[in-house]
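Read the structure below first, then the notes.
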Amino acid sequence: MPELPEVETMRRNIEKSLIGRTVVRYELLSPFLLRHSSLPTLDPIVGKNVLGARRRAKILMIDFEGDLTMAMHSMLAGQIAIIRADDSRLVAGHPFPSPTGEFPAKMTHLTVWFDDGSQFYFSDIRQFGWIRLAPTEAIQAFVESMAFGPEGIGKDPVDVDTLIRGLSRRRIPVKTALLDQKLLAGLGNIYVDEALHRAKIHPSTPANQVPLEKMPALLDAIQWALTEGLRQGGAKVIHTKAYPIDNFPEVHGREGEACPVCGTTIIKVRVGQRGTYLCPNCQPLPEGVMPPQGARTRGSRPVDE
DNA sequence: TGCGTTGTTTCACC
DNA sequence: CGGTGAAACAACGC
């Protein structure tokens, strides 16, 4: 699931290989990708030079000459593969289709050819991802309207005061609060589980019950998880199963395996409707907090007794 | 075959 | 009114 580290890796890959390149042609096999776009086709990028690549939260933006910006959200399963003229590859995002396999793959929805022989492929097995093409200013306004909080890592990252302000008034599970991109931008289901495990906090802990003195450690843990993910160019998780590299991720996608810290069996629970992995020994529930409930069925209500 | 999957929006409720 | 929980939505693999 492309979160900050995966999307940032996409951005760097574009910066490394496509800046200054001109679009020769493109093939969009799923016009559905443009369902939110103000411009109905990608025709305006043909003949245009790539000026840069930016990222805000999990949104990737490619700037073209002519005040044109293509914004992309990978959602569950987006992947960007760049194959250069010398056949070298830069692949980031969802690890399926196989980065070493043939492109375009079955689930490749967009191919863009550049003047130096490079090809750019956007694949998405789920097709939840989207692409918006619009004047740079309009994309800017759209991104601002999202009211994202500070980035988890990078320039001007989230600080402990923001974390405290964002958590101390809320009774929702701390995991749910940390997934709110308006509090801080970049965490998704993988890295939030990793951060809470590192900080030894149970994901169901009400946000306002996380002790103040644990906040610096939580901030460190968030930044550790995102940095570690970025270092490896994104975590490898396919169909909820992790394929750890250097033992990362430590808990996410590893139900039934031994916690790398204490050896206790990692369990999977649901927190705020999300599959959540944790070590019951490293991350005990605080006194007085009810264990996470199973997902309530549609239309049912909690029973008061 | 219906469930699980995510980020985001929307909506009902208190 | 704002905080909250949860459904809806997008599409597909298992």
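Within every chain, numbering begins at 1; the chains are lettered A, B, ... in the order of the sequence lines, protein sequences first and strands thereafter. Here the structure is a predicted model, which means the values were calculated and not measured.
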Next on the checklist: Given the ring of A/Phe148, does A/Arg56 sit roughly above its face, with NZ or CZ under 6.0 Å from the centre of the six-membered ring and within 45° of the axis?
Outcome noted: no

Next on the checklist: With a 4.0 Å cutoff (strictly under), does any side-chain N or O of A/His239 reach OP1 or OP2 of B/dT5?
Outcome noted: no

Next on the checklist: Does C/dA10 have OP1 or OP2 under 4.0 Å away from a side-chain N or O of A/Gln127?
Outcome noted: no

Next on the checklist: Using the side-chain heavy atoms of A/His73, tell me which of these nucleotides is nearest: B/dG7, B/dT5, B/dT9.
Outcome noted: B/dG7

Checklist entry - Does the pair A/Glu8/A/Arg12 count as a salt bridge with the N-to-O cut at 4.0 Å? => result yes

Item to check | Interatomic distance, A/Leu60 CG vs B/dG7 P [rounded to whole Å] | outcome: 16 Å

Checklist entry - Just how far, in rounded Å, is P of B/dT8 from CZ of A/Arg132? => result 11 Å

Next on the checklist: Base, sugar-phosphate or nothing for A/Thr240? Non-hydrogen atoms, less than 4.0 Å.
Outcome noted: sugar-phosphate

Checklist entry - CD of A/Glu6 versus P of B/dG7: gap in Å, rounded? => result 11 Å

Checklist entry - Is A/Gly188 touching bases, backbone alone, or none of the nucleic acid, heavy atoms closer than 4.0 Å? => result sugar-phosphate

Checklist entry - When the nearest nucleotide of DNA chain B is assigned to A/Arg126 and to A/Gln181 on a heavy-atom basis, which residue is associated with the more 5' position? => result A/Arg126

Checklist entry - Got a donor-acceptor pair under 3.5 Å from the side chain of A/Arg170 to the base of C/dG2? => result no

Checklist entry - Taking only side-chain nitrogens and oxygens of A/Arg35, does any of them come within less than 4.0 Å of OP1 or OP2 of C/dA10? => result no

Checklist entry - If we ignore angles and hydrogens, is there a donor and acceptor under 3.5 Å between the side chains of A/Tyr191 and A/Glu6? => result yes

Item to check | Distance, rounded to the nearest Å, where A/Phe128 contributes CZ and B/dT9 contributes P | outcome: 15 Å

Checklist entry - For the pair made of CD1 in A/Ile131 and P in C/dA10, what is the distance, rounded to whole Å? => result 18 Å

Next on the checklist: As a test of reading the structure: which of C/dA10, B/dG7, C/dT4 is closest to the side chain of A/Phe32, going by heavy atoms?
Outcome noted: C/dA10

Checklist entry - Checking all strands, does A/Arg274 fall into the base, sugar-phosphate, or nothing category for heavy-atom contacts under 4.0 angstrom? => result base

Next on the checklist: Exactly one of A/Leu110, A/Ile80, A/Ile83, A/Ile82 should register a side chain to side chain contact (heavy atoms under 4.5 Å, CB included) with A/Tyr121. Which one does?
Outcome noted: A/Ile83

Item to check | Residue whose closest nucleotide on DNA chain C lies nearer the 5' end, A/Met75 versus A/Met107 | outcome: A/Met75

Checklist entry - Starting at CZ of A/Arg270 and ending at P of B/dT5, how long is that distance when rounded to a whole Å? => result 5 Å

Next on the checklist: Rounded to whole Å, how long is the line connecting atom CG of A/Leu183 with atom P of C/dG3?
Outcome noted: 13 Å

Checklist entry - Does A/Arg11 pair with A/Glu15 as a salt bridge, N-O distance under 4.0 Å? => result yes

Checklist entry - For the pair made of CD in A/Glu3 and C1' in B/dT5, what is the distance, rounded to whole Å? => result 13 Å

Next on the checklist: Pick the closest DNA chain C nucleotide for A/Ile172 and for A/His109 by heavy atoms, then say which residue is nearer the 5' end.
Outcome noted: A/Ile172

Item to check | Residue whose nearest DNA chain B nucleotide is more 5′ - A/Phe148 or A/Lys268 | outcome: A/Lys268

Next on the checklist: Side chains of A/Gln127 and A/Arg35: any donor to acceptor distance under 3.5 Å?
Outcome noted: no

